[in-house]
Amino acid sequence: MSVASKILDIRSSLPASVTLVAVSKFHPAEAITEAYEAGQRIFGESRVQELVAKQQTLPSDIEWHMIGHLQTNKVRAIVPFVSLIHSVDSQRLAECINREAERCNRVIDCLMEVHVAREQTKSGWDTEELQEFVASGALNNLKNIRIRGIMGMATFTEDETIVRADFERLATIKQSLERFFDSSFDTLSMGMSDDYPIAIACGSTMVRIGSSIFGQRVY
Ligand SMILES: *Cc1c(COP(=O)(O)O)cnc(C)c1O
């Protein structure tokens with residue numbers, strides 16, 4: 001199946017309330033162009049250098065999402081154009097994005113990445129730490145970022161019970177934080193190629209799908 005038909009296939013299976021982020025990391029610009037021609041406008045990348053290179057050569061109406069771990073010393077390179085950063089995992093990073101966004105006169109949409117998976121290797125806020133941080137009001141001073149919701153990944157396992165429990169936990173965490181924000185806190189980014197139907201059943205509003213669209217990545 002072509003990239004275009006896979007995009008159309010997946011889109012037709014998603015409820016209208018769910019946004020599709022096509023995760024194009026490790027795939028060439030030609031693959032993105034094929035998806036673009038099929039109508040896709042939102043693409044996710046996980047490495048700054050690759051994201052910047054692609055943004056420079058591809059159509060300017062693409063909305064680029066940063067979905068991978070972001071180091072503070074790389075923030076400046078993406079702040080001029082990025083439309084959503086999914087991977088804010090510390091106060092230091094939030095402050096850094098805010099500072100760089102102010103320099104560019106932008107307000108940047110961000111998601112707080114929360115760690116719920118059983119693997120210790122995955123990044124993200126510990127739930128209690130995030131709740132304390134948000135409740136502290138520290139975000140009120142960061143006028144150049146807008147927290148749109150949370151992002152998370154489920155445990156890497158075939159056991160659907162565990163995956164579902166992880167997604168339900170993310171949905172609960174998002175709900176528990178809603179009272180600290182206005183109605184723009186509306187995004188629950190969860191679900192990838194292997195688990196997005198479960199994520200949607202648990203309330204996902206944004207799925208990040210790579211290999212089911214572009215095929216296996218060659219690292
Ligand atoms: C790579 C990646 C995805 C996409 O994974 P697939 O299994 O290829 O769909 C989604 N989210 C994040 C954070 C990723 O790094």
Side-chain angles (χ1 to χ4, degrees), residues 1-11 13-14 18-28 31-32 34-35 38 40 42-52 54 62-71 74-75 78 82-90 93 97 109-125 130 148-160 162-164 166-167 169-171 173-174 187-219:
M1 254 209 309
S2 67
V3 164
S5 49
K6 283 187 259 183
I7 286 266
L8 297 176
D9 230 46
I10 290 172
R11 296 192 133 204
S13 77
L14 298 178
V18 175
T19 301
L20 172 62
V21 179
V23 176
S24 47
K25 64 186 187 200
F26 295 93
H27 292 284
I32 298 179
E34 213 183 321
Q40 182 65 26
I42 305 177
F43 293 89
E45 290 282 339
S46 61
R47 297 182 308 174
V48 166
Q49 208 180 356
E50 185 177 351
L51 172 56
V52 169
K54 286 173 171 170
I62 288 180
E63 289 176 38
W64 294 101
H65 288 197
M66 176 63 191
I67 63 170
H69 181 66
L70 180 57
Q71 291 170 284
K74 305 255 172 84
V75 168
I78 62 169
V82 75
S83 70
L84 181 64
I85 299 175
H86 290 234
S87 44
V88 179
D89 59 1
S90 69
L93 180 58
I97 297 168
D109 283 348
C110 295
L111 304 177
M112 293 297 194
E113 181 175 356
V114 187
H115 182 272
V116 296
R118 298 189 179 188
E119 297 97 7
Q120 280 312 313
T121 48
K122 286 187 176 148
S123 48
W125 290 86
L130 176 60
R148 298 294 307 270
I150 71 170
M151 181 273 248
M153 276 180 270
T155 305
F156 184 70
T157 170
E158 307 262 280
D159 186 342
E160 282 197 12
I162 296 175
V163 173
R164 183 175 292 270
D166 287 348
F167 287 146
R169 185 143 166 247
L170 287 166
I173 295 165
K174 184 203 168 249
T187 304
L188 182 53
S189 168
M190 60 184 196
M192 324 201 319
S193 292
D194 291 337
D195 57 19
Y196 74 89
I198 306 174
I200 291 171
C202 297
S204 171
T205 69
M206 187 173 277
V207 292
R208 310 176 310 269
I209 300 182
S211 41
S212 290
I213 296 171
F214 296 109
Q216 290 305 316
R217 289 176 286 273
V218 182
Y219 294 103

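Whatever order the structure lists them in is the order used to number ligands and atoms, beginning at 1.
Side-chain atoms of H86 and S189 include a donor-acceptor pair closer than 3.5 Å.
A search for salt bridge (charged side-chain N to carboxylate O under 4.0 Å, His left out) contacts involving E50 returns R47, K54, not counting sequence neighbours. Partners of F167 under the ring-ring contact (aromatic ring centres under 6.0 Å, His included) rule, at least two apart in sequence or in another chain, do not exist in this structure. Every salt bridge (charged side-chain N to carboxylate O under 4.0 Å, His left out) that D109 has, sequence neighbours left out, goes to R146, R148.
Applying side chain to side chain contact (heavy atoms under 4.5 Å, CB included) to V21 and the options M192, H65, E45 leaves one that passes, H65.
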Please produce the table of protein N or O atoms sitting under 3.5 Å from N or O atoms belonging to ligand 1, one pair a line, distance to 0.1 Å.
| from | atom 1 | to | atom 2 | distance (Å) |
| --- | --- | --- | --- | --- |
| ligand 1 | 8 (O) | S211 | N | 2.8 |
| ligand 1 | 8 (O) | S211 | OG | 2.9 |
| ligand 1 | 8 (O) | R217 | NH1 | 2.8 |
| ligand 1 | 8 (O) | R217 | NH2 | 3.2 |
| ligand 1 | 9 (O) | S193 | N | 2.9 |
| ligand 1 | 9 (O) | S193 | OG | 2.5 |
| ligand 1 | 9 (O) | G210 | N | 2.8 |
| ligand 1 | 11 (N) | R208 | NE | 2.8 |
| ligand 1 | 11 (N) | R208 | NH2 | 3.4 |
| ligand 1 | 15 (O) | K25 | NZ | 2.6 |

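A heavy-atom distance below 4.5 Å is found between the side chains of L20 and Q40.
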